[in-house]
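Below you'll find the structure I mean.
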Amino acid sequence: APPPPTPASRRAEMEAAKGVMDTLAELGRQSGDEKLQKLLAAHFLSRGATLQALQLASGPLAAARQMPPGQAAQAATLPALPAALKSLPETAASLQSVGELSEMARVQLAAGGDKEQALTCVEELSSAMCALGDKPSEAASLGALSSACAACGGSQRDGARAAASALRVARETGDKAAIAAALKTVVNTSFAFKDPDQALRAAAELAKLSNSMGDKSAEAGAKLAIARAQLVNEEPQSCLEASTEAATMFKALKNKEGQAAALSVAFDVDILLGKPASASKRAKEVLDLVKGQKKAEAAATLMLGSVDTATQEALKACRKAGDLFRDLKDRAGEAAASVATANSLLCQGGKSADEGLKSARAALATFKELSSTSGEAAALATVGAAHTQLGDFAAAEQALREAIALFGQLRDTTGEAYASSLLKSAKAAAIAPSKAEVTIDEAASLAHIELSDTTSAESMREAIAAVQGSKSVTCVVVHLDGTPPGDGADAAERGRAFGTFLAGLRMLSLPVVVSVCGKISGPMWALVLTTDYRIAATSTVFFCPVWGSPQCLGELVGHNAATQLCVARGPKDALQMLENGIVHQLQKGKEDTRTAAVEMARRVAASPDMACRRRPFVHHYFVEDYAMAAIKGV
């Protein structure tokens with residue numbers, strides 16, 4: 001039987017207990033869950049057997065407390081325990097290890113910043129607690145290990161396994177408070193390791209358990225965790241409902257900090273749904289709730305500056321947030337404010353783009369120094385947007401590709417989609433719109449129109465007007481030069497332009513011969529499918545599926561060919577198009593193709609009795625339907 005406790009041993013117990021609690025509190029601060037870790041520490045330190053065994057902790061523990069911080073960290077890293085522990089009973093040795101190992105971790109975290117060694121200490125602490133067979137203590141120590149893995153950069157697999165083990169052991173005890181604590185650990189660890197689905201499941205169970213226990217504060221926290229997980233999973237409506245409910249519960253509890261956190265999640269949903277007015281209102285509510293808390297006030301001001309970025313009010317808010325973070329010596333916050341300032345400047349237009357690029361570059365340099373991958377990705381996206389606005393498309397593409405790669409590493413699908421959309425815009429802007437070239441051959445009664453993917457809608461309208469103004473033209477030759485898919489402008493915009501051009505050809509009431517070269521994709525298909533005679537170069541590549549309203553394709557090319565073109569995927573060569581009846585003739589190269597098209601057009605122009613002279617293909621009702629569907633974006 002252990003000896004009865006004395007006043008001196010009680011003091012030693014409390015000192016040792018304080019060491020363990022300080023360690024777990026430090027880990028809690030790093031993982032963002034200080035209250036939970038203190039509760040866990042208090043729970044397993046209140047066990048009688050643990051306190052009796054901790055009175056054996058002396059020697060290295062007492063020496064470490066009397067040393068200066070630097071020396072204490074150095075002394076704590078020395079393996080001074082094994083020899084002393086061998087002479088003690090197994091249970092007592094394990095319990096003694098708890099006090100001394102936790103003290104090592106505390107000193108290293110506080111003074112030395114040696115996270116790897118601190119994590120090792122907590123792992124040994126957890127092993128010691130598991131050896132005791134004391135289920136509540138085991139669950140608590142496993143939870144501490146899980147939090148330590150998240151805070152100290154430990155293995156994701158080990159952290160998740162420790163959290164799951166903590167929950168399993170807590171369930172074995174049947175203690176609702178222990179189960180709730182373990183569930184909260186699972187939630188925090190899942191968020192740290194970017195597993196929102198697991199966080200959502202654990203938070204939903206925690207909300208039900210907290211409700212059955214009558215713990216409104218814990219239930220509100222669980223609702224907030226549910227909202228955060230749903231936001232990551234891009235479930236905006238469910239997220240908005242959960243965050244609003246959490247904000248209402250926190251308000252009833254007079255917990256301004258919790259209410260502000262819930263409103264911040266709702267703010268993110270409003271941004272995602274494109275509701276700037278609602279987002280601005282929530283940002284102002286958050287700012288009112290955190291008044292006097294300098295760091296939170298700076299973050300809320302930055303939120304306000306992220307709404308309606310084109311306004312001067314937003315620009316002022318971003319700059320004010322930067323000043324607040326600078327006063328707090330928070331470099332990460334200051335860099336985030338610089339990114340927001342850059343975005344706002346880019347929205348102002350004009351000469352502000354240069355200043356925006358400078359601000360984004362400053363933020364990028366800071367994030368690189370801080371080794372913040374997420375911040376670096378966001379800054380690179382803004383740098384790319386600035387280069388696009390300034391017309392430096394090569395630099396824009398490089399920055400945006402780097403941003404996409406970093407967002408991919410972080411598994412941030414929203415950021416990756418955002419950077420990809422900016423890259424698409426940069427590519428479209430890099431291609432200067434070309435002009436439709438029109439040549440009237442009076443002698444041959446022909447009109448030649450040169451078109452490509454980048455031909456502007458205005459110049460196509462001018463081409464139709466030029467042909468319409470010539471009374472001698474009896475046949476039109478369209479020369480198509482396709483570009484690779486994705487290199488042109490927006491598909492819907494191109495569709496409207498080519499649909500309008502096709503409608504203009506109908507107004508001319510003239511037969512149309514087309515020469516096809518390059519890569520045909522998207523709206524370029526329109527002029528391949530609706531002309532009277534189609535001659536393609538053997539090197540031409542057709543990208544499937546075919547473009548246009550499916551209801552019209554059967555009448556245009558026949559139902560069998562239309563079905564094949566709709567279900568096919570990827571590039572198809574010109575020979576396949578010839579076999580399907582999409583083109584009527586193949587020529588070896590571009591020049592031969594153009595020459596053959598011109599010769600065919602001359603023959604049509606010189607033969608009034610040809611069927612296409614009496615009724616051009618573009619006059620059929622289904623061509624009109626096809627053109628109108630393109631104009632409407634169907």
Side-chain angles (χ1 to χ4, degrees), residues 436 449 451-453 455 457 460-461 463-464 467 475-480 482-483 485-486 488-516 518-536 540-572 574 576-585 597 604 611-634:
I449 303 177
L451 295 179
S452 71
D453 266 308
T455 303
M460 282 195 271
R461 287 193 295 269
I464 294 294
V467 177
C475 185
V476 177
V477 187
V478 177
H479 301 286
L480 291 184
T483 55
D490 177 70
E493 181 182 343
R494 290 167 57 208
R496 285 190 291 271
F498 276 88
T500 303
F501 180 77
L502 188 55
L505 287 179
R506 280 178 54 80
M507 291 173 56
L508 296 176
S509 300
L510 297 173
V512 182
V513 179
V514 65
S515 69
V516 185
K519 297 177 174 63
I520 302 302
S521 66
M524 291 286 276
W525 274 101
L527 296 178
V528 177
L529 301 179
T530 59
T531 48
D532 293 276
Y533 207 76
R534 310 146 197 171
I535 304 173
T540 306
V541 179
F542 296 82
F543 286 87
C544 293
V546 67
W547 180 88
S549 174
Q551 291 84 348
C552 306
L553 295 176
E555 298 288 349
L556 287 171
V557 297
H559 293 285
N560 288 338
T563 302
Q564 292 181 30
L565 292 176
C566 287
V567 300
R569 292 292 183 272
K572 305 296 177 183
Q576 289 175 284
M577 295 298 110
L578 180 64
E579 291 173 349
N580 288 336
I582 305 304
V583 298
H584 304 126
Q585 186 183 140
V604 171
C612 61
R613 285 287 300 275
R614 292 196 300 269
R615 189 184 185 188
F617 192 75
V618 292
H619 264 196
H620 288 81
Y621 71 91
F622 43 79
V623 175
E624 181 180 7
D625 293 342
Y626 186 75
M628 293 308 297
I631 294 171
K632 294 177 182 177
V634 177

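These numbers come from a predicted model, not from an experiment. Start at 1 with the first residue, then count along the sequence.
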Do Tyr626 and Phe498 have their ring centres less than 6.0 Å from each other? no
Taking the side chain as every heavy atom from C-beta outward, state whether Cys566 and Leu553 have any atom pair closer than 4.5 Å. yes
Exam field: side chain Arg534 to backbone Ile582, donor-acceptor pair closer than 3.5 Å: yes
Using only atom types and a distance under 3.5 Å, with no angle test, would you say the side chain of Arg461 pairs donor to acceptor with the backbone of Phe501? no
Write down the atom of Pro571, the atom of Val541, and the distance for their closest heavy-atom approach. CB-CG1, 3.5 Å
Can you find a heavy atom in the side chain of Pro523 that is under 4.5 Å from one in the side chain of Arg494? yes
Show the nearest heavy-atom pair for residues Leu451 and Met460, with the distance to one decimal. CD2-CG, 3.8 Å
Interatomic spacing from CD1 in Ile520 to CE in Met577 - rounded to 0.5 Å: 11.0 Å
Look up atom OH in Tyr621 and atom SG in Cys552, then write down how far apart they are to the nearest 0.5 Å. 9.0 Å
Nearest 0.5 Å, please: how far is NE2 in His584 from CG in Leu578? 9.5 Å
Val513 and Asp532: side chain to side chain contact (heavy atoms under 4.5 Å, CB included), yes or no, with the steps? CA-CA 6 Å; Val513 179; Asp532 293 276; 5.6 Å; no
What pair of heavy atoms forms the shortest contact from Pro511 to Cys612, and how long is it? CB-O, 3.7 Å
Could you tell me whether the side chain of Thr540 and the main chain of Ala536 form a donor-acceptor pair under 3.5 Å? no
Return the minimal non-hydrogen interatomic distance between Gly499 and Ala627, and the atom names on each side. O-CB, 3.8 Å
Given the rule in the side chain to side chain contact (heavy atoms under 4.5 Å, CB included) test, do Leu505 and Ile464 qualify, once you have shown the distances and angles that lead to the verdict? CA-CA 7 Å; Leu505 287 179; Ile464 294 294; 3.9 Å; yes
Could you report the tightest heavy-atom contact between Ala526 and Trp547, atom names first, then the distance? CB-CZ3, 4.1 Å
Between OG of Ser452 and NE2 of His479, what distance do you get to the nearest 0.5 Å? 13.5 Å
Rounded to the nearest 0.5 Å, how far apart are CD of Glu579 and NZ of Lys572? 12.0 Å
Please name the pair of heavy atoms, one in Ala497 and one in Ala457, separated by the smallest distance, quoted to 0.1 Å. CB-CB, 3.7 Å
How far apart are the C-alpha atoms of Thr500 and Leu502, what are their side-chain angles, what is the distance that settles it, and do they pass the side chain to side chain contact (heavy atoms under 4.5 Å, CB included) test? CA-CA 5 Å; Thr500 303; Leu502 188 55; over 6 Å; no
Tell me, do Val604 and Tyr533 make a side-chain contact under 4.5 Å, heavy atoms counted? no
What do you reckon, are the aromatic ring centroids of Trp525 and Phe542 less than 6.0 Å apart? yes
State which residue, out of Val477, Val512, Val467, Val514, fulfils the side chain to side chain contact (heavy atoms under 4.5 Å, CB included) condition with Ile449. Val467
Check step by step if side chain to side chain contact (heavy atoms under 4.5 Å, CB included) holds for Thr531 and Val478. CA-CA 9 Å; Thr531 48; Val478 177; 5.6 Å; no
Check the angle between the aromatic planes of Phe617 and His620 and answer parallel, tilted or perpendicular using the 30° and 60° thresholds. tilted
Measuring from atom OG of Ser549 to atom CG of Asp625, what distance do you get when rounded to the nearest 0.5 angstrom? 8.0 Å
